[in-house]
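As the structure is a prediction and not an experimental result, all values here were calculated from the model.
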Amino acid sequence: MASATAASGEAPRKTRGVRAQRREAGTNLGVPYIVRNIPTYDILGEESLVRIEKTADRILAEVGIEFRDDAVALDHWRRAGAKIDGVRVTFEPGMLKEIVSSAPRQFTQHARNPARSVEIGGNNVVFAPAYGSPFVMDLDKGRRYGTIEDFRNLVKLAQSSPWLHHSGGTICEPVDVPVNKRHLDMVYSHIKYSDRAFMGSITAEERAEDSIEMARILFGRDFVDRNCVILGNVNVNSPLVWDGTMTNSLRAYARANQAAVVVPFILGGAMGPVTNAGAIAQSYAETLAGCALTQLERKGAPVIFGNFLSSMSLRSGSPTFGTPEPAIGSMVVGQLARRLGLPLRCAGNFSNSKRPDAQAMQEGVMSMLSAVHCGANFILHSAGFVDGLLAMSYEKFVMDTEFCGALHSYLAGVVVDDNTLAMDAFLQVGPGSHFLGCDHTMRNYQTAFWDSKLSDNEPFEKWVEQGETDMAERANRYWKKSLAEYEAPPLDVAIDEALTDFVARRKAGMSDAWY
């Protein structure tokens with residue numbers, strides 16, 4: 001049965017949000033984030049939830065998790081009272097829950113434009129673009145390796161959409177920039193071409209440190225020490241392994257009081273059991289350990305409880321995305337995260353389709369609605385994800401942002417007041433007439449319904465006259481128009497110079513590395 005999430009204390013935003021964002025869509029401002037006005041969807045009862053939690057406790061106590069190539073992490077666990085056998089760590093039941101209790105239930109990630117800062121946790125929902133694709137694609141050039149130009153284009157498209165709230169992180173891999181230097185260009189691009197909150201690098205501890213240092217140049221060292229301004233998305237090496245690359249980066253973010261997004265990637269039947277309950281128990285154990293490690297590094301540091309469940313084709317061994325089992329599993333993950341009191345990153349707009357087609361949107365809607373209903377607060381992969389995350393599609397990016405716009409209306413729920421009950425309209429129109437020209441319709445027509453810029457709602461004959469285009473073709477025109485009309489948000493000249501100087505000095509201090 002459905003249950004409402006905790007009240008956010010921001011009721012006025014709930015009633016004005018969807019109307020305000022519609023009015024402001026023309027200026028590409030939108031709202032900084034969504035405050036949901038519909039309940040989360042809880043599918044499991046107490047007994048089943050407790051059984052999953054106890055199974056996770058057994059995994060942690062009887063099997064354990066390996067922490068490789070990070071002696072500091074092992075020292076943290078030793079001091080906390082965990083049992084250490086080489087690099088394998090086991091935990092008494094309840095130990096990790098107690099440690100994560102110091103993490104905030106909700107926190108602000110500040111943007112360089114304060115009007116775009118986001119609240120993560122509680123009843124709040126933040127949409128961010130897809131993350132990590134080595135390839136990009138569009139209808140004109142096809143599939144190809146991503147470049148720094150593609151990266152900047154996608155940052156600009158995210159900035160231009162009123163329906164996204166966050167600039168994201170590695171929107172695509174710019175493979176024309178050396179591996180050890182591309183993080184500098186990516187973080188700078190987020191700062192330069194967007195005034196929204198953003199993510200930093202996690203592929204090496206020094207790259208995480210560089211990302212945080214660039215945030216300090218932007219916001220000021222003291223402000224960063226007191227406030228969250230950057231996120232780092234760290235992944236478990238499922239099953240049950242945390243490698244040093246990830247834990248060193250995780251600890252770097254926590255040490256600086258910045259938020260790690262802790263995410264296992266469990267492909268059912270490969271990195272975890274084929275059965276949903278077992279995969280959920282495994283992911284709970286892995287994520288809980290990562291979240292706890294942030295608190296051992298710096299008590300009270302913000303952290304996001306993440307999850308990425310996926311299935312696979314048991315005939316071919318290929319990963320599958322946007323399928324029903326991970327979607328319904330996300331509902332349970334949401335319940336477990338709320339019981340811990342941690343902000344949640346879960347699901348997204350996933351697809352295995354190789355084009356922005358019906359399969360892409362079918363799978364994307366399945367997984368995106370699971371994110372909405374499970375109560376996810378930070379929804380990475382909200383736009384652009386195709387080909388099992390191997391590619392970022394320009395067309396699907398803008399198609400997905402339009403769907404995010406529809407979800408703004410969906411999450412607003414149904415407002416019941418004198419205006420929406422429309423009694424004055426019934427009195428004016430009476431039986432057998434119509435509401436098209438009545439006063440109530442004229443007062444509300446601009447904000448009454450979600451209006452997509454990409455959907456075709458015209459008569460068939462008019463559609464034929466206009467070229468018989470499908471949505472992907474319309475999206476192709478739309479993203480080009482958005483880039484042509486893009487204007488960079490103002491950035492303080494002194495800060496810009498300090499950032500470019502930092503990037504130049506860091507690049508000059510190391511030779512190019514391509515792996």
Do [X] and [Y] touch side chain to side chain, with heavy atoms closer than 4.5 Å?
X: N377; Y: I304; answer: no
X: V125; Y: V372; answer: no
X: P324; Y: M366; answer: yes
X: V89; Y: I65; answer: no
X: L74; Y: F67; answer: yes
X: I52; Y: S48; answer: no

For [X] and [Y], which heavy atoms make the closest approach, and how far apart are they?
X: G121; Y: P343; result: CA-CB, 4.0 Å
X: N180; Y: A513; result: OD1-N, 2.9 Å
X: S133; Y: L389; result: OG-O, 3.0 Å
X: C228; Y: P302; result: CB-CG, 4.2 Å

Salt bridge (charged side-chain N to carboxylate O under 4.0 Å, His left out) assessment of E402 paired with K396: CA-CA 10 Å; E402 284 289 283; K396 188 167 183 288; over 6 Å; no
So, the side chain of [X] versus the backbone of [Y]: is there a donor-acceptor pair under 3.5 Å, distance only?
X: D387; Y: N352; result: no
X: R255; Y: T294; result: no
X: D185; Y: R182; result: no
X: R196; Y: A158; result: yes
X: D70; Y: G244; result: no
X: E286; Y: L240; result: yes
X: Q295; Y: G300; result: yes
X: S330; Y: P326; result: yes
X: Q335; Y: I43; result: yes
X: S161; Y: W163; result: yes

Pair M368, E363 - check side-chain contact (heavy atoms from CB on, under 4.5 Å), show working. CA-CA 8 Å; M368 195 65 171; E363 292 171 344; over 6 Å; no
Worked verdict on N233 versus M199 for side-chain contact (heavy atoms from CB on, under 4.5 Å): CA-CA 8 Å; N233 191 74; M199 307 177 79; 3.6 Å; yes
Take S249 and E205 through the side chain to side chain donor-acceptor pair (under 3.5 Å) test and state the conclusion after the steps. CA-CA 5 Å; S249 292; E205 184 177 12; over 6 Å; no
I'd like a table of donor-acceptor pairs (distance under 3.5 Å, sequence neighbours excluded) in which one partner is a side-chain atom from residues 257-277, with atom names and distances.
{"unit_1": "N257", "atom_1": "ND2", "unit_2": "D225", "atom_2": "O", "d": "3.1"}
{"unit_1": "Q258", "atom_1": "OE1", "unit_2": "V229", "atom_2": "N", "d": "2.6"}
{"unit_1": "Q258", "atom_1": "OE1", "unit_2": "I230", "atom_2": "N", "d": "3.1"}
{"unit_1": "Q258", "atom_1": "NE2", "unit_2": "V224", "atom_2": "O", "d": "2.9"}
{"unit_1": "Q258", "atom_1": "NE2", "unit_2": "N227", "atom_2": "O", "d": "2.9"}
{"unit_1": "Q258", "atom_1": "NE2", "unit_2": "A256", "atom_2": "O", "d": "3.1"}
{"unit_1": "N276", "atom_1": "ND2", "unit_2": "E325", "atom_2": "O", "d": "2.9"}

Evaluate the side-chain contact (heavy atoms from CB on, under 4.5 Å) criterion for residues N307 and R345: first the C-alpha distance (whole Å), next the side-chain angles of each, then the deciding distance (0.1 Å), finally the verdict. CA-CA 6 Å; N307 186 267; R345 179 216 143 175; over 6 Å; no
Answer yes or no: are there more than 12 heavy-atom neighbours, outside E62 itself, under 6.0 Å from its atom CD? yes
Neighbour count above 12 (heavy atom, 6.0 Å) for F502 CZ: yes
Taking only residues two or more places apart in sequence, or in another chain, which ones meet [X] in a ring-ring contact (aromatic ring centres under 6.0 Å, His included)?
X: F385; answer: F321, F350, H381
X: F127; answer: H165, H408
X: F198; answer: none
X: Y188; answer: none

First locate atom CD1 of I280, then atom CG of L49, and finally report the distance between them rounded to the nearest 0.5 Å. 9.5 Å
What is the distance from atom CG of L288 to atom CD of E53, rounded to the nearest 0.5 Å? 9.5 Å
Is a side-chain donor-acceptor pair under 3.5 Å present for [Y] with [X]?
X: S367; Y: S370; result: no
X: T320; Y: S313; result: no
X: S353; Y: S351; result: no

Evaluate the criterion salt bridge (charged side-chain N to carboxylate O under 4.0 Å, His left out) for residue pair D75 and R78; output intermediate values, then yes/no. CA-CA 5 Å; D75 286 341; R78 189 174 290 107; 2.9 Å; yes
Evaluate the side chain to side chain donor-acceptor pair (under 3.5 Å) criterion for residues N349 and S382: first the C-alpha distance (whole Å), next the side-chain angles of each, then the deciding distance (0.1 Å), finally the verdict. CA-CA 5 Å; N349 199 313; S382 291; over 6 Å; no
Evaluation steps, side chain to side chain donor-acceptor pair (under 3.5 Å), between S211 and S201: CA-CA 6 Å; S211 303; S201 177; 4.8 Å; no
Quickly, which of D150, I171, V386, N153 forms a side chain to side chain contact (heavy atoms under 4.5 Å, CB included) with V136? Name it, please. D150
Before giving the answer on side-chain contact (heavy atoms from CB on, under 4.5 Å), spell out for L296 and I99 the whole-Å C-alpha distance, their side-chain angles and the decisive distance to 0.1 Å. CA-CA 8 Å; L296 297 181; I99 293 172; 4.0 Å; yes
Applying side chain to side chain donor-acceptor pair (under 3.5 Å), run through D195 and Q159 and close with a yes or a no. CA-CA 8 Å; D195 61 0; Q159 170 74 7; 3.1 Å; yes
Is the distance between the ring centroids of F91 and W77 less than 6.0 Å? yes
Under 6.0 Å between ring centres: does that hold for H166 and Y33? no
Apply salt bridge (charged side-chain N to carboxylate O under 4.0 Å, His left out) to the pair R506 and E213, showing each step before the final yes or no. CA-CA 11 Å; R506 288 291 292 128; E213 190 60 32; over 6 Å; no
Applying salt bridge (Lys or Arg N to Asp or Glu O under 4.0 Å) to R51 and not counting sequence neighbours gives none
D42 and R338: salt bridge (charged side-chain N to carboxylate O under 4.0 Å, His left out), yes or no, with the steps? CA-CA 11 Å; D42 297 345; R338 285 190 290 281; 2.6 Å; yes
